[in-house]
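Ligands are counted one by one from 1 in listed order, and the atoms in each one are counted from 1 as well. Just so it is clear, the model here is predicted, and its values are computed rather than measured. Atom set for the values below is all heavy atoms of this structure, side chains included, hydrogens, waters and symmetry mates excluded. Nothing fancy with the numbering, it's 1 onward along the sequence.
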Amino acid sequence: MTQHDTPATVVIFGASGDLTKRKLVPALFMLKREGHLPSRFSLVGVARREKTDEEFRGDMGEAVSSFSRAGSPDRAQLDEFLSRTFYVCGDFANVETYKWLKTKLDEVESAAGVKDPVRLYYLAIPPSEFPVVLEHLAAAGLSPRDQADRIRIVIEKPFGHDAESGRVLNAQVHRTFEEKQVYRIDHYLGKETVQNILVFRLANGIFEPLWNRRYIDHVQITVAETLGVEGRGGYFDEAGILRDIVQNHMLQLLCLVGMEPPIRFDAEQVRNEKVKVLMALRPFGAEDLANSIVRGQYVGGDIAGARVPAYRDEPSVDPHSNTDTYVAFRVFLDNWRWAGVPFYLRAGKRLAGRTTSIAIHFRRPPLTLFRQARAPEPNLLLLQIQPDEGIWLRVGSKRPGGRVEIDPVELQFRYSTTFDQGPPEAYERLLLDAMHGDSTLFAREDEVDYAWRVVTPMLEHWKANPGVPVTLYPAGSWGPLEGDRLIQADGRAWYNEIPGRD
Ligand code: NDP
Ligand code: BG6
C-alpha cells in the first residue's frame with residue numbers, strides 16, 4: 001500500500017454498531033499504525049446513542065484493543081489516533097442530525113487546517129436506513145454535485161434484497177451520488193487471497209493455458225462456516241444464506257475464477273470482465289429450480305465437542321422459519337472458455353469445518369499407461385482462501401519401490417510460512433482504496449444487478465412454494481445429504497479436506 005497524503009475525513013454512519021467496533025475502527029487504526037493514513041485525517045462517527053467525543057474515544061479505544069490484528073496497541077499511537085476521532089449523536093431521520101454533522105465537520109476540518117479534504121461517508125447501518133441517509137445528505141448540502149471528485153460513499157451489503165430492490169436502491173443512490181462516487185463494499189474482495197486469484201492466474205504463464213474447458217473437468221466453490229448466526233438472527237432470518245453469502249461473496253469468487261483477462265488492470269476493465277461472467281451464467285429452468293437447488297437449515301448438533309442449538313432456536317429467529325442456512329447448486333457459464341464445465345457452489349453455516357476454497361479439478365490424462373489396482377487421482381488445484389491461506393496442487397507421484405504405484409502428493413504454498421507478515425484485514429485495504437479513489441475492488445452498479453438476477457429466480461421459486469420445507473441437517477455435518485447427491489449425480493464428490501486440519 002502506498003501513502004497518499006491528501007487530507008481525508010471518514011464519516012461513519014452507524015458508529016455505535018457491531019461492524020464499526022469489530023472491523024472499521026480497528027482497520028483504520030491499523031492503517032494509521034502502518035503509516036497509510038494521511039497526516040491530516042479525521043474520523044467522525046454518527047449514531048443514535050448519546051455519547052460525548054470522550055466516551056466515543058473510550059469505546060473505540062477498547063474496540064481497537066479487542067479486535068485489531070495488532071493485539072494490544074501502542075498507547076501513544078492509539079491516543080494520537082483517538083484524538084482525531086469525534087462523535088455526533090442523532091437520529092438519521094432528523095434533519096437536525098445533519099446540521100450538527102455539518103457544524104462538526106467544519107470545526108474538525110478547520111481545526112486541522114484542512115479545506116475540502118477527501119470525504120468518505122460510510123453507511124454501516126441497517127439497509128432500511130440507506131435511503132433516509134442518502135436523501136438527508138443531499139438535502140443538507142453535504143454532497144454538493146460540484147465536489148463529486150472528493151466526496152465518496154461506501155455502502156455496506158446487503159445492497160437490496162432482490163433484483164428489483166437492488167435497482168431501486170441504485171436509483172436512490174444516484175439521485176445524490178454519481179456512480180464514480182459509489183463504493184459498494186464486498187469485504188471478500190479485500191481479502192489478500194481473493195486478490196491473489198487473478199495474480200495467480202495471470203502472472204504465471206503455466207496456468208492460464210490450462211484454464212478452460214479443455215483441461216478443467218469441474219470447479220467447486222465452498223464457503224463453509226462453523227459459526228451460526230452470531231447474534232444476527234433477526235437480520236439473517238430475513239436474508240438467508242443465498243442473499244448473505246452467495247449473491248455477493250460467492251459470485252465474486254466465481255467471477256474471478258471465470259473471467260477473461262482484462263485488457264488493463266483498472267476498475268472499469270476488471271469489472272467489465274466480471275460482469276460478462278455473470279451475463280454468461282445459464283439461467284435456471286423450472287426443472288433446475290424444483291430439483292437441482294438444495295436449500296438446507298441446521299438443527300442442533302455438535303461443533304468441536306460443544307452442543308449448539310438448532311437454527312430455529314437461535315435468538316430473534318422465527319421458530320417455524322424456512323430460511324436457508326445452507327445452499328448448494330450447479331451452474332454453467334455459457335461462453336467459449338467454459339462451455340460444458342460445471343461449477344458447483346455451496347455455502348453453509350454450522351458445518352463440520354471452516355473453509356473457503358476454490359477447488360479446480362482437472363481432467364484425467366488421455367490414456368492410462370500405468371496398470372495398477374487404483375487409478376491415479378486427477379490433478380487438483382486448491383485455492384484456499386481461508387483459513388490456512390495458500391495454494392495446493394495435487395499431482396500423482398510414483399511411490400518408491402519396485403512396482404509402479406501412484407500416490408497423490410501435494411505441492412504447496414502457504415502464506416503463513418512463505419511471508420513474514422500476516423495478510424492485512426480486508427477492511428484495511430478497502431477503506432484505503434476508497435480514500436484513494438480506487439474502486440477496482442468494489443462492486444459496480446451493473447455487477448450487483450446481474451448478481452441479483454442470478455439468485456432472484458431461486459428466491460422467487462422458494463417464495464412461490466412456501467409448502468416445500470427446507471432440508472434439515474445436523475450442525476457439525478457437511479450439510480444435507482441432498483447436497484452430496486447433487487454432485488454425486490454427476491459422478492463427482494465434494495472436496496471436504498481442509499489443509500492443515502487433521
Ligand atoms: P448494528 O445493528 O450493530 O449497528 C447499526 C448502527 O446503526 C448503530 O450504530 C445504530 O445506532 C445505528 N442506527 C440504526 N438506526 C439508526 C437511526 N435511525 N438513527 C441513528 N442511528 C441509527 O449493525 P451492524 O454494525 O452489524 O451492521 C451495519 C451494516 O453493515 C448492515 O448493513 C450490515 O448488513 C452490514 N454488515 C455487517 C457485518 C457485521 O459483521 N456486523 C458484516 C457485513 C455487513 P444505535 O445503536 O446507537 O441506535
Ligand atoms: C458476512 C456475512 O458478509 O460474511 C456473515 O454477513 C459471514 O454471515 C461473513 O459470517 C463471513 O466472512 P468471513 O470473512 O469470516 O469469511
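Residue A15 touches ligand 1 through its backbone alone, judged by heavy-atom distances below 4.0 Å. At a heavy-atom cutoff of 4.0 Å, ligand 2 is contacted by no atom of F236, backbone or side chain. In H187, neither the side chain nor the backbone holds a heavy atom less than 4.0 Å from any atom of ligand 1. Of all the heavy atoms of K23, none lies under 4.0 Å from any atom of ligand 1, so neither backbone nor side chain is involved. Residue-level proximity to ligand 2 for H187 is carried by the side chain, the only part with a heavy atom below 4.0 angstrom. The side chain of E156, and not its backbone, has at least one atom closer than 4.0 Å to an atom of ligand 1 (non-hydrogen atoms only; side chain from C-beta on).
Considering only non-hydrogen atoms, atom 21 (N) of ligand 1 lies nearest to F92 out of F159, Y427, F92, Y235. When the options E425, E225, H249 are ranked by their closest heavy atom to atom 10 (O) of ligand 2, first place goes to E225. Between atom 7 (O) of ligand 1 and the options G14, S128, A47, the minimum heavy-atom separation is to G14. With distances taken over non-hydrogen atoms, the option nearest atom 34 (O) of ligand 1 out of K157, R48, K21 is K157.
Residues V25 and T85 are not in side-chain contact: their nearest non-hydrogen atoms beyond the backbone lie 4.5 Å or more apart. Between L459 and H161, every side-chain heavy-atom pair lies at or beyond the 4.5 Å cut-off.
In this structure, L227 falls outside the shell of residues with a heavy atom less than 4.0 angstrom from ligand 2. In this structure, P158 counts as a contact residue of ligand 1, since one of its heavy atoms falls inside 4.0 Å of the ligand.
The nearest protein atom to atom 14 (O) of ligand 2, hydrogens excluded, is given as K191 NZ, 2.6 Å; this is a heavy-atom distance. Among all non-hydrogen protein atoms, the one lying nearest atom 24 (P) of ligand 1 is L19 N, 3.9 Å. Scanning the protein heavy atoms around atom 40 (O) of ligand 1, the nearest turns out to be R22 NH2, 2.7 Å. Atom 16 (O) of ligand 2 has as its closest protein heavy atom Q386 NE2, 2.6 Å. The nearest protein atom to atom 41 (N) of ligand 1, hydrogens excluded, is given as D18 OD2, 2.7 Å; this is a heavy-atom distance. Scanning all protein heavy atoms for the shortest distance to atom 32 (O) of ligand 1 gives I125 O, 2.8 Å. In terms of protein heavy-atom proximity, atom 46 (O) of ligand 1 is nearest to R49 NH2, 2.5 Å. Protein heavy atom at the shortest distance from atom 5 (C) of ligand 1 is P126 CD, 3.9 Å. What sits closest to atom 6 (O) of ligand 2 on the protein, heavy atoms only, is D244 OD1, 2.6 Å.
Atoms of ligand 1 found under 4.0 Å from any heavy atom of G90, numbered from 1 in the order shown, are 19 (N), 20 (C). Distances below 4.0 Å separate heavy atoms of R232 from the following atoms of ligand 2: 2 (C), 5 (C), 6 (O), 8 (O). Residue-ligand proximity, S16 to ligand 1, at heavy-atom distances under 4.0 Å covers atoms 8 (C), 9 (O), 10 (C), 11 (O), 45 (P), 46 (O), 47 (O). Counting atoms of ligand 2 from 1 in the listed order, those under 4.0 Å from a heavy atom of K349 are 5 (C), 7 (C), 8 (O), 10 (O). Applying the 4.0 Å criterion to heavy atoms of A124 picks out, from ligand 1, the atoms 6 (C), 28 (C), 29 (C). Atoms of ligand 1 lying under 4.0 Å from at least one heavy atom of P127, given by number and element, are 32 (O).
Counting only N and O atoms by type, the side chains of E156 and Y122 include a donor and acceptor under 3.5 Å apart. Between D433 and Y183, the side chains place no donor N or O within less than 3.5 Å of an acceptor N or O (distance only, hydrogens not considered). A side-chain N or O of R84 and one of S42 form a donor-acceptor pair less than 3.5 Å apart. Counted by atom type alone, Q384 and T193 present zero donor-acceptor pairs between their side chains at under 3.5 Å. Under the 3.5 Å distance criterion, with hydrogens and angles disregarded, no donor-acceptor pair is assigned to the side chains of R119 and Q147. For the residue pair R184 / N248, no side-chain donor-acceptor distance below 3.5 Å is found, with atom types taken as modelled. Residues T323 and D237 bring a donor and an acceptor atom of their side chains to less than 3.5 Å of each other.
Taking the charged nitrogens against the carboxylate oxygens, D449 and R167 do have a contact shorter than 4.0 Å, which makes a salt bridge. D53 and K104 are joined by a salt bridge, as a carboxylate oxygen and a charged side-chain nitrogen come within less than 4.0 angstrom of each other. Under a 4.0 Å N-O distance rule, the pair D106/K102 does not qualify as a salt bridge.
The protein does not reach atom 2 (O) of ligand 1 closely, with no heavy atom under 4.0 angstrom from it.
Relative orientation of the H249 and Y188 rings is parallel, given thresholds of 30° and 60° on the angle between their planes.
Of the possible donor and acceptor atoms, none in the side chain of T20 sits under 3.5 Å from a partner among the backbone N and O of S16.
In this structure, the side-chain contact (heavy atoms from CB on, under 4.5 Å) partners of E129, at least two apart in sequence or on a different chain, are F92, I125, P126, V132. Residues that satisfy the side-chain contact (heavy atoms from CB on, under 4.5 Å) test with H461, not counting sequence neighbours, are L289, A290, N465.
Between K157 and ligand 2, an N or O atom pair is found at a separation short of 3.5 Å. Below 3.5 Å of separation, one finds no N or O of A93 facing any N or O of ligand 1. When only interatomic distances are considered, the shortest N/O to N/O separation between G17 and ligand 1 falls below 3.5 Å.
Across Y427 and L19, no two heavy atoms sit closer than the pair OH-CD1, 3.6 Å.
Partner of E425 under the salt bridge (Lys or Arg N to Asp or Glu O under 4.0 Å) criterion, chosen from R22, R69, K23: K23.
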